[in-house]
Amino acid sequence: MTRTSGPLADPWNRPDDDIPFDLPAHTPRPGGIAARARAAAVPGPARSGAPYLDGLNPEQREAVEATEGPVLVLAGAGTGKTRVLTTRIAHILSLGLAWPSQILAVTFTNKAAREMKERIGAMVGEQVEGMPWLGTFHSIGVRMLRRHAELVGLKSGFTILDTDDQIRLLKQLLQAEQIDEKRWPARLLANTIDGWKNRGLTPDMVSAGEGAAFANGRGQKLYADYQARLKALNAVDFGDLLLEGIRLLRENPDVLAEYHKRFRYILVDEYQDTNVAQYLWLRLLAQGSKNVCCVGDDDQSIYGWRGAEVDNILRFETDFPGAKVVRLERNYRSTGHILGAAAHLIAHNEGRLGKTLFSEGESGEKVTVTGAWDSQEEARAIGEEIEALQHRGHSLAQMAILVRASFQMREFEDRFVTMGLNYRVIGGPRFYERAEIRDALAYLRVIASPADDLAFERIVNVPKRGLGDAALRQIHDHARAVGVPLVEAARQLVGSEELKPKVRLTLRDLVASFDRWREQMPNLPQSQLAEIVLDESGYTEMWQKDRSADAAGRLENLKELVRSMEPFENLVGFLEHISLVMDTEGSGAGEAVSIMTLHSAKGLEFDVVFLPGWEEGLFPHQRALDEQGRAGLEEERRLAYVGVTRARRLAKVFFASNRRIHGSWQSSVPSRFLDELPEAHVEVTESRGGHGWGGATSAGRYGYGPSRFDEAQTFGSTYSTPGWQRAQSHAQTHAQAGGASRREGQFGGFSDGGSRYNAGRGGYSGGGRVIEGQLVASSTGGPSRFPIGTRVFHQKFGYGEVVAAEGNKLTVQFDKAGEKRVLDTYVEGV
DNA sequence: GTTAGTCATGTTTTT
DNA sequence: CATGACTAAC
């Protein structure tokens with residue numbers, strides 16, 4: 001895995017950077033002061049000689065030039081939102097209105113921060129390096145907290161727990177409280193607490209009713225206990241980065257005043273994604289200069305489940321009196337048909353500020369809707385379209401498949417591997433979340449901060465060294481009795497007679513090893529230290545001995561981890577970096593189709609976008625509907641809108657009539673969103689091979705007229721015949737009796753009369769109709785790199801032996817995964 | 001304490 | 001179906 005941006009280039013990686021608080025970090029540009037005076041006097045249109053302003057449309061320019069006072073930029077999809085943000089910063093800098101270090105620019109994701117930095121750099125050059133306050137809410141939160149840690153009861157070297165640590169900690173608390181973990185899972189508690197934190201609630205602020213929601217009224221106490229434990233561990237979780245930041249600013253007026261003085265301009269990207277805590281934090285800071293500019297699109301708010309409040313953006317004008325609102329509605333990305341389809345779709349939402357996107361480009365091709373018999377056929381159809389487009393000269397890199405849920409990805413991966421189509425999964429399992437990486441990091445954490453109990457616990461017995469529950473409990477008890485961290489407790493126990501001889505010996509070795517590694521820390525580059533640690537601890541060996549299919553991949557990941565440590569100044573710096581930047585920009589190498597979730601596609605664009613899985617229950621997702629009701633539906637619709645608007649030239653929607661969920665086949669109904677696409681911009685096409693969608697909907701689907709997707713002739717399939725439909729209604733009664741429950745009237749009150757979706761729900765679930773994928777790979781000729789009998793390794797399937805080769809396509813008998821056909825570029829010889 | 005079974009269980013999105 | 005949690009035997 002290659003990282004796209006060298007961490008060295010990123011000032012965020014310097015945990016102890018000490019940019020003077022009161023002085024600009026660099027010398028002023030000549031003319032800066034004069035420009036400043038001029039700007040103060042003449043706030044009107046910028047003078048010529050500002051090349052970065054050229055090419056902005058009037059609205060964009062207005063947003064850029066309205067530097068003073070609160071500004072809300074409502075930027076529809078593809079209207080140049082990022083451009084406005086970055087140009088605005090360049091503008092402020094170029095007028096000398098502020099030093100780079102006086103601008104606070106917050107984004108939501110690391111990727112967005114990186115991108116913004118790059119683009120600003122392209123405009124203003126190295127001045128961007130003087131912008132330490134450009135980053136995500138979280139990274140900026142850490143930066144502030146590190147400075148003033150003691151004011152909120154932390155020590156500056158506090159550790160940041162990720163979800164995994166968080167849950168393990170909560171598990172301990174639940175056990176201590178003797179709460180049944182089956183009934184009240186730690187995960188649920190973690191979510192609950194996160195929810196509170198997202199809303200800016202400290203334990204004492206949680207209302208009695210809400211606090212009672214978990215474990216018969218013990219939620220609030222658990223939350224308080226949890227916070228106490230965090231403090232004791234000198235640790236914070238993600239939510240605390242903001243919550244403690246708010247507390248810091250509220251309780252320390254002098255600190256707040258300092259930041260007010262510092263931040264002359266505040267810019268916020270993706271404002272629609274902010275939660276209450278972020279809003280409060282922002283508002284505190286913005287009270288100083290009042291020059292706050294928020295950019296967002298209420299139609300692209302898709303993180304409500306994570307606490308984002310669309311209300312923040314809807315309420316902006318009341319929150320920041322005198323705010324100027326600029327609408328960007330001129331779309332530069334998509335064709336007319338795509339835009340028209342998206343606009344009509346999103347118009348079904350009620351709670352929105354309302355924007356009308358328009359473009360001056362050509363109308364292009366209509367959005368297509370294609371039905372497939374099942375998800376495999378859907379994958380095959382998309383694969384074929386991709387190949388066809390490729391032959392017509394489209395680049396794979398300009399195509400993307402955007403799915404609702406990550407389980408959908410597998411079907412495509414399987415299919416593409418068989419086809420020999422290059423693909424890239426974006427945002428899949430995170431590098432730093434893999435067990436082996438977390439284990440390795442735990443070792444390093446213990447070395448860097450011996451008080452990191454969670455890390456210690458994680459690896460005391462990994463690899464297995466005979467220090468099991470019993471031994472750990474002893475260490476725990478001792479630690480609690482004496483009031484020291486686990487490692488220290490272990491050290492003391494080793495000196496005593498309390499442990500069993502065998503245990504004592506092993507533990508002594510372990511403690512000694514940690515001491516030794518810690519001594520080496522200052523003398524060795526951290527990557528070398530990591531290698532030594534992994535080696536001497538037996539961790540590497542553990543995986544080398546492991547014969548399971550993914551062991552080799554894990555070792556490879558460990559190597560990659562060591563490699564990725566190199567650019568950092570020291571171990572602490574590296575650990576700091578990874579606790580926040582948990583993303584891995586995929587290996588950008590090579591032409592490949594991107595596969596990703598709709599969520600991770602936000603902010604991206606592609607020539608061609610495939611949108612599979614538009615079925616009721618999947619998209620809109622049943623859970624969103626069940627748990628959030630209409631708000632959930634609207635968020636799902638926004639997600640659909642985000643999906644469609646990612647496309648520049650072609651948007652292709654798919655749905656399957658049958659999908660495998662939890663291993664068994666279930667029939668599905670086309671998504672209501674399909675009916676919400678306007679006919680004028682949409683073309684219904686037939687899936688190749690004639691296995692059209694089976695018409696699981698039909699009579700009875702009337703809400704505002706028959707569904708367009710009832711038209712038999714568009715599919716020319718036998719499944720629309722009266723006979724089939726009768727069979728359908730039979731099957732349906734069956735399905736409902738069989739417990740395929742879908743609550744009646746759950747959309748009651750929804751103006752579209754969603755109940756019609758219940759009517760046509762087909763119940764056909766015979767598993768026999770699986771259409772097996774035919775292997776129609778076209779050989780590229782030439783002798784294979786891997787003769788028959790060669791042992792090979794494949795990232796996904798593990799080790800295996802080549803049993804047949806045909807051009808670049810191999811048939812491999814994998815040790816674990818069985819026989820698969822793969823492209824030779826996906827395997828390596830061993 | 002470890003391991004290899006079985007069993008059940010749960011499945012969205014993620015800074 | 002796949003992963004994880006728990007149980008029973010080494």
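Within every chain, numbering begins at 1; the chains are lettered A, B, ... in the order of the sequence lines, protein sequences first and strands thereafter. Predicted model only: the values in this text are computed from it and were never measured.
- Cation-pi geometry between A:R146 and A:F158 is met: under 6.0 angstrom from the ring centre, within 45 degrees of the axis.
- For the pair A:D237 CG and B:dT15 C1', the interatomic distance rounds to 12 Å; values are reported in whole Å.
- What separates NE2 of A:H138 from C1' of B:dT14 is a distance of 9 Å, to the nearest Å.
- Following rounding to the nearest Å, A:E115 (CD) and B:dT15 (C1') show an atom-to-atom distance of 16 Å.
- Between the P atom of B:dG1 and the CZ atom of A:R473 lies a distance of 10 Å, rounded to the nearest Å.
- With distances taken from any side-chain atom of A:Y303 to the nucleotides B:dT14, C:dC1, B:dG1, the minimum falls on B:dT14.
- Under the side-chain hydrogen bond (donor to acceptor under 3.5 Å, both in side chains) rule, A:K197 has a single partner from A:D240, A:N275, A:T192, which is A:D240.
- Rounded to an integer number of Å, the gap from CZ of A:R306 to C1' of B:dT15 is 5 Å.
- What separates CD1 of A:I426 from C1' of B:dT14 is a distance of 16 Å, to the nearest Å.
- Within a 6.0 Å radius of CZ in A:R187, other residues, nucleotides and ligands contribute 12 heavy atoms or fewer.
- Between A:T597 and B:dT14 there is a side-chain polar atom (N or O) within less than 4.0 angstrom of OP1 or OP2.
- Remark: aromatic rings of A:W305 and A:Y303 are close, center separation under 6.0 Å.
- Proximity of a side-chain donor or acceptor of A:S301 to a complementary backbone N or O of A:D297 within less than 3.5 Å is not detected.
- A:Q408 has its CD atom 18 Å from the P atom of C:dC1, to the nearest Å.
- Applying the side chain to side chain donor-acceptor pair (under 3.5 Å) criterion to A:R659, with sequence neighbours excluded, gives A:E378, A:E615.
- With B:dT14, B:dG1, B:dT12 as the candidates, the nucleotide lying closest to the side chain of A:W305 is B:dT14.
- With rounding to whole Å, A:L402 atom CG is found 19 Å from B:dT12 atom P.
- Here C:dA2 is the nucleotide among B:dT15, B:dT12, C:dA2 with the atom lying nearest to any side-chain atom of A:R410.
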- When you check every protein heavy atom under 4.0 Å of nucleotides 2-11 of chain B, what one-letter string (B, S, -) results, 5' to 3'? SS-------B
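- Remark: the separation of the P atoms in C:dC6 and B:dT11 is 15 Å, to the nearest Å.
- Residue order along DNA chain B, read from the 5' end via each residue's closest nucleotide, puts A:A471 first among A:A624 and A:A471.
- Both A:E635 and A:V503 lie near DNA chain B, and the one whose nearest nucleotide falls closer to the 5' end is A:V503.
- Distance alone, capped at 3.5 Å, is enough to place a donor-acceptor pair between the A:Q408 side chain and the A:A405 backbone.
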